[in-house]
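Data block below; observations after.
Because the structure is a prediction, the values reported are computed rather than measured. Computation of the quantities below employed the complete heavy-atom set of this structure, encompassing side-chain atoms and omitting hydrogens, waters and symmetry-equivalent molecules.
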Amino acid sequence: MADLPHPLAAFIVTEIRRARGASGMTQDAFGRGAGFSASHVSAVESETRALTLDFIKGADRAFKNGGLFERMVGKLGAPSWFLPWLDAERTATQLRCFQPSLVPGLLQTESYGRAVIRCNDTLSDDEVERRLAHRMDRQETLTKATAPHFVAVIAEAVLRRARADFRDIMAGQIKQLTTLAERPNINIHLLPDEVSMHVGLTGPFSLARLPDHKWVAEMENQLGGVVIDRDDDVDTLMSRWEMVRSEALPRQQSLDLMKEVVTSWT
C-alpha cells in the first residue's frame, strides 16, 4: 500500500472491514454500495491490493457516514488533496518533476527529508517522523519491479544551498542522487545557475503518465497544493516541462556537476 504509510493503510482497512462486519454487509453488498467488485473488496481487505482514495470514498458512500474515512486519512495521513496524486504516482508509467527549490521527495535521503519537514516549526517530533516515514515509503515507487521512468530537473542552486553545518547532510544527499541516477529508469538533470531566467522560476510541478496514457499534474504551494487533470492545463505544464528540460544539462554533465559541488566544500 505505497500510497499511504503502511501502518495507516492497514488501520483504515481494518476499520472498513470492521464497519462492514458490524453493518452485516457481505463483501458483495459492500462492493455494490462502494462501486467495486467483491473480488476487489476481498483483495483490499487482505492487503494484496492497494488502498486508494477511490476505495476510501466508496467505503464512505457504502456506509453513508458523511465522509468519515476520507477525513480520517486527511487527519492521520496525507492531506486529502494529495491522495489523487499518490494514486497517480503509484500507477504511473512515466514521472516528470521540476524542482527549483528542493530535492524532489522521491529522491530525498532520510536526513535531508527530516530537515525539510522540520522547516515547519509547528510540527511535533512525532509528526515530523510520521511525515518522514510516509515520504520514505513513497520512494518504493522508483525501485519496484514495475517502476516508472522518472526524469527530474533540479536547479543547481538547490545543491549549493548548504552552509557549513548542513554540508554533511547535503553531501549524503548528493551521493544518493548519483547512486539513483545509475538506475536505468531514473534520469537526473541539473539546471545550471548560469541559466538566470527561465519559465520554471514560477514554481515546481510534477507530471505523471497513467496506464491509459493520460497525463495528470501536481503543483504545491505554501497552503497545500492541487492535482491537475484538465487537458489544457496539463498541456501548458507539459510545454513548460519541455522548456526547463531543454535548459538543463545532459545526464553525465549533471553528474559531474554534482560531484564538483561536493568537492568545492573541501
Side-chain angles (χ1 to χ4, degrees), residues 1-3 5-6 78 82 85-119 129 131-162 166-193 200 204-210 215 217-218 220 241-242 244-266:
M1 297 186 181
D3 50 346
H6 184 269
F82 198 52
W85 176 252
L86 293 178
D87 286 345
E89 190 177 78
R90 178 178 56 81
T91 60
T93 58
Q94 297 182 48
L95 289 169
R96 305 287 183 261
C97 177
F98 169 65
Q99 254 296 354
S101 306
L102 297 167
V103 173
L106 289 179
L107 304 176
Q108 292 177 4
T109 63
E110 284 195 21
S111 296
Y112 183 92
R114 183 179 288 108
V116 170
I117 296 169
R118 282 195 184 280
C119 288
E129 293 304 313
R131 294 191 183 194
L132 178 64
H134 182 202
R135 187 165 300 180
M136 295 299 105
D137 284 347
R138 284 174 56 207
Q139 295 182 358
E140 180 188 348
T141 296
L142 298 183
T143 58
K144 63 186 180 180
T146 56
H149 181 224
F150 178 70
V151 183
V153 172
I154 307 170
E156 176 187 348
V158 171
L159 305 188
R160 293 198 181 276
R161 190 180 301 119
F166 192 69
R167 286 178 182 170
D168 284 347
I169 289 176
M170 184 56 81
Q173 177 63 74
I174 292 174
K175 181 179 180 181
Q176 173 146 306
L177 290 176
T178 59
T179 299
L180 289 171
E182 294 175 358
R183 298 184 65 90
N185 65 308
I186 298 175
N187 292 81
I188 301 172
H189 303 272
L190 294 187
L191 187 64
D193 287 342
F205 59 90
S206 297
L207 293 150
R209 190 183 194 214
L210 305 181
W215 285 87
E218 173 265 335
E220 296 184 44
W241 163 259
E242 293 298 333
V244 295
R245 173 64 187 87
S246 69
E247 296 281 8
L249 296 173
R251 175 183 175 277
Q252 189 56 55
Q253 286 182 246
S254 295
L255 290 172
D256 291 343
L257 181 53
M258 291 181 206
K259 296 170 185 176
E260 178 188 314
V261 169
V262 176
T263 302
S264 70
W265 296 334
T266 59

Q. Among I154, L207, V153, V151, whose side-chain contact (heavy atoms from CB on, under 4.5 Å) with F98 holds?
A. V153
Q.
Show, in sequence, the C-alpha distance, side-chain angles and deciding distance for M170 and V261, and conclude whether the side-chain contact (heavy atoms from CB on, under 4.5 Å) test is met.
A. CA-CA 10 Å; M170 184 56 81; V261 169; 5.8 Å; no
Q) Distance from I117 atom CD1 to R135 atom CZ, nearest 0.5 Å? A) 4.0 Å
Q | Salt-bridge present (R96, E242; N to O < 4.0 Å) | A | no
Q.
Has R161 got a side-chain atom pairing as donor or acceptor with S101's backbone, closer than 3.5 angstrom?
A. yes
**Q.** Short N-O contact, E129 and R114, less than 4.0 angstrom
**A.** yes
Q: Say whether, by atom type as modelled, one donor and one acceptor occur between the side chain of Q139 and the main chain of Q108 under 3.5 angstrom.
A: yes
Q) Has the side chain of S206 got a donor or acceptor atom that lies under 3.5 Å from a matching backbone atom of E218? A) no
Q. Could you give the distance from NE2 (H189) to CD (Q252), rounded to the nearest 0.5 Å?
A. 11.5 Å
Q: Say whether, by atom type as modelled, one donor and one acceptor occur between the side chain of R167 and the main chain of A162 under 3.5 angstrom.
A: yes
(Q) Within this structure, what is the CG-OG1 distance for the pair L257 and T263, rounded to the nearest 0.5 Å? (A) 10.5 Å
(Q) Once rounded to the nearest 0.5 Å, what's the spacing between atom CD of Q253 and atom CG of L190? (A) 10.5 Å
Q) Rounded to the nearest 0.5 Å, how far does CG of L107 lie from OG1 of T179? A) 11.5 Å
Q | Polar side-chain atom of E156 near backbone of D193 as donor-acceptor pair, under 3.5 Å | A | yes
Q.
Does K175, at its NZ atom, have more than 12 non-hydrogen atoms belonging to other residues, nucleotides or ligands within less than 6.0 Å?
A. no
Q. Is there a donor-acceptor pair under 3.5 Å between the side chain of R251 and the backbone N or O of A181?
A. yes
**Q.** Exam field: side chain K259 to backbone T178, donor-acceptor pair closer than 3.5 Å
**A.** no
Q: Could you grab the distance from atom CG of L191 to atom CD of Q99, nearest 0.5 Å is fine?
A: 12.0 Å
